[in-house]
2 protein chains.
Amino acid sequence: MTTEEQIVNAARKVFVRKGLQGAKMQEIADEAGINKALLHYYFRSKDKLFDHIFTEAFQQIIPSLRQSLNEKADIVIFIQFFVPFYLNFIQKNPYLPQFIMHELSQNPERIAGLAHAQNFPFDSLKVLIDKAIKEQQIRFVEPENLIINMLALTIFPFVARPMIEQIIFKGKQEAYENFMQKRADDIIQTILTSLRPI
Amino acid sequence: MTTEEQIVNAARKVFVRKGLQGAKMQEIADEAGINKALLHYYFRSKDKLFDHIFTEAFQQIIPSLRQSLNEKADIVIFIQFFVPFYLNFIQKNPYLPQFIMHELSQNPERIAGLAHAQNFPFDSLKVLIDKAIKEQQIRFVEPENLIINMLALTIFPFVARPMIEQIIFKGKQEAYENFMQKRADDIIQTILTSLRPI
DNA sequence: GTCTATAAGGTGATAGAC
DNA sequence: GTCTATCACCTTATAGAC
């Protein structure tokens with residue numbers, strides 16, 4: 001592994017966990033097993049290093065769905081595929097949503113510079129949803145609502161984990177983990193039952 | 001308004017917006033129209049000032065629902081009451097959820113010290129939900145799922161606003177605001193339709 | 001490329017006059 | 001109670017040796 005890769009890995013770990021302000025160059029250097037000066041040799045400044053990490057993270061969190069959308073041209077099947085897929089991804093990167101949303105909240109203009117923001121195939125999904133409505137497979141919904149609801153149900157439990165664990169599950173970590181293990185099925189059931197034609 | 005109140009108001013504004021690390025004592029002093037030394041005179045340290053603000057914010061974000069639960073002992077009516085009520089509260093404090101969740105993510109142990117964490121009447125809600133299931137008013141759901149889903153659908157759009165605005169609504173602020181204006185009805189409809197008996 | 005040493009500026013906190 | 005001045009430390013960034 002090259003030094004640059006070591007730096008990026010260390011920076012990713014520290015930035016995602018602590019944010020731009022909370023992360024310290026010394027901690028990143030320690031994590032990478034090098035000294036601070038080398039960080040500046042590879043990436044001129046903390047801001048530039050952060051930009052690198054944030055851009056990478058942002059592109060990751062927007063799933064590339066083109067393939068699955070071509071193959072499975074049915075919104076119900078798509079939901080059944082997407083929810084466990086995305087849930088599984090976030091399970092492996094549980095701090096990523098909080099990181100992205102916190103930094104975007106601090107500096108919303110940052111998103112404008114990310115060309116890949118347009119990468120999410122919302123328009124393709126819209127077509128699928130409208131088709132399912134027309135065929136009376138599902139009740140009428142605004143496509144925007146359906147997509148946002150799906151994301152909310154998937155992402156929120158990670159971002160709000162401490163509150164959920166403490167207030168809903170009375171501090172029992174095990175209860176939270178048990179809840180999350182069944183989460184994909186619960187989300188799918190919630191969405192699909194809510195979509196049943198009236 | 002006393003000096004202490006001015007300080008608390010300024011600190012709330014700055015801390016909620018920028019977090020513990022992002023907030024600077026100088027900025028709080030400027031916001032309050034005083035100097036840094038006075039901050040330390042009233043609150044010994046930045047951490048103590050932050051604790052004050054965070055505790056206050058945390059108690060605010062856990063709605064006191066006892067009254068509404070006594071009067072309206074029906075889970076459907078409760079949902080119809082709670083969603084617009086809570087949505088309206090967050091609309092007035094749009095950065096509060098992000099603030100709480102980010103700081104709890106940085107320091108989850110902090111929640112243990114907040115006795116009022118037990119204030120959320122989850123058990124009362126559980127009774128209502130179980131009763132509605134038994135009477136076949138709604139389909140079977142785990143009470144935990146229903147509560148978490150309701151919170152997720154309500155809170156997520158605020159926390160993820162920059163992403164939603166850019167990716168779903170193509171950067172059109174107006175479209176996001178229009179979406180949020182109808183949000184209460186959309187959430188209620190999503191939840192209640194998903195609860196229809198099978 | 002990698003290191004040590006250090007500069008330059010910011011930040012929380014205190015001393016002391018009024 | 002409120003201010004100015006200042007300390008002590010931390011943090012980013014650079015200089016310069018190897």
Side-chain angles (χ1 to χ4, degrees), chain A residues 1-57 95 98-99 102-107 109-110 113, chain B residues 1-58 95 98-100 102-107 109-110 113:
Chain A
M1 192 160 57
T2 68
T3 302
E4 183 165 343
E5 286 170 334
Q6 276 179 292
I7 291 175
V8 170
N9 287 341
R12 185 187 305 118
K13 191 169 171 181
V14 177
F15 274 132
V16 168
R17 193 69 188 83
K18 310 213 169 167
L20 172 55
Q21 303 266 5
K24 304 302 168 195
M25 294 296 264
Q26 185 61 59
E27 187 178 353
I28 296 173
D30 291 345
E31 181 72 35
I34 55 164
N35 58 55
K36 283 187 295 175
L38 259 193
L39 295 180
H40 288 91
Y41 176 81
Y42 280 92
F43 299 83
R44 284 184 49 78
S45 68
K46 184 185 182 182
D47 276 341
K48 286 209 170 43
L49 178 53
F50 177 82
D51 271 348
H52 185 92
I53 299 300
F54 183 82
T55 302
E56 178 200 82
Y95 293 107
Q98 176 74 260
F99 170 65
H102 178 250
E103 296 304 334
L104 279 182
S105 160
Q106 295 303 307
N107 187 0
E109 305 79 41
R110 199 185 290 277
Chain B
M1 193 161 53
T2 68
T3 302
E4 183 165 344
E5 286 170 335
Q6 277 179 291
I7 291 175
V8 170
N9 287 341
R12 184 187 305 117
K13 190 168 171 181
V14 177
F15 274 132
V16 167
R17 193 69 189 81
K18 309 212 170 168
L20 172 55
Q21 302 265 7
K24 304 301 168 195
M25 293 296 265
Q26 185 61 59
E27 187 179 352
I28 295 173
D30 291 346
E31 181 72 34
I34 56 164
N35 57 55
K36 280 190 297 177
L38 259 194
L39 296 181
H40 288 91
Y41 177 79
Y42 280 91
F43 299 83
R44 284 184 49 80
S45 67
K46 184 184 182 184
D47 275 341
K48 286 211 169 41
L49 179 53
F50 178 81
D51 271 347
H52 186 92
I53 300 299
F54 183 81
T55 302
E56 178 200 82
F58 188 82
Y95 293 106
Q98 177 73 260
F99 170 65
I100 303 272
H102 178 252
E103 296 303 335
L104 280 182
S105 160
Q106 295 303 307
N107 187 0
E109 304 79 40
R110 199 184 289 278

Rounded to the nearest angstrom, tell me the gap between atom [atom1] in [X] and atom [atom2] in [N].
X: A:Lys24; N: D:dT11; atom1: NZ; atom2: C1'; result: 7 Å
X: B:Ile28; N: C:dG10; atom1: CD1; atom2: P; result: 18 Å
X: B:Lys48; N: C:dG12; atom1: NZ; atom2: C1'; result: 13 Å
X: A:Leu39; N: D:dT11; atom1: CG; atom2: C1'; result: 13 Å
X: B:Ile34; N: D:dT4; atom1: CD1; atom2: C1'; result: 14 Å
X: B:Gln26; N: D:dA5; atom1: CD; atom2: P; result: 14 Å
X: B:Glu27; N: C:dG12; atom1: CD; atom2: C1'; result: 15 Å
X: B:Glu5; N: D:dG1; atom1: CD; atom2: P; result: 13 Å

Requested in this report: Give a yes or no on whether the backbone of A:Arg12 and the side-chain of A:Asn9 come within a donor-acceptor separation of less than 3.5 Å.
Outcome: no

Report summary line: Taken in chain and number order and not counting sequence neighbours, the residues that satisfy ring-ring contact (aromatic ring centres under 6.0 Å, His included) with B:His40 are none

Nearest of [options] to any side-chain atom of [X]?
X: B:Lys46; options: D:dG1, C:dC3, C:dG12; result: C:dG12
X: B:His40; options: D:dT4, C:dT2, C:dA13; result: C:dA13
X: A:Met25; options: D:dC3, D:dA13, C:dT2; result: D:dA13
X: B:Ala37; options: D:dT11, C:dT11, D:dC3; result: D:dC3
X: B:Thr3; options: C:dA13, D:dT2, C:dT2; result: D:dT2
X: A:Tyr41; options: C:dT2, C:dT14, D:dT14; result: C:dT2

Query raised in the report: Where each residue is assigned the nucleotide of DNA chain D containing its nearest heavy atom, which of B:Lys36 and A:Ala23 is assigned the position nearer the 5′ end?
Result: B:Lys36

Query raised in the report: Between A:Ser45 and D:dT12, is there a side-chain N or O to OP1/OP2 distance below 4.0 Å?
Result: no

Query raised in the report: Do any side-chain nitrogens or oxygens of B:Asn35 fall under 4.0 Å of OP1 or OP2 in D:dT2?
Result: no

Query - Among B:Phe50, B:Phe15, B:Phe58, side chain to side chain contact (heavy atoms under 4.5 Å, CB included) partner for B:Glu103 - result: B:Phe50

Query raised in the report: Looking only at heavy atoms, what is the nearest atom pair of A:Gln98 and B:Ser105, with distance?
Result: NE2-CB, 3.9 Å

Query raised in the report: Taking all atoms of both residues into account, what is the closest heavy-atom pair of B:Lys46 and B:Gln21, and its distance?
Result: NZ-O, 4.2 Å

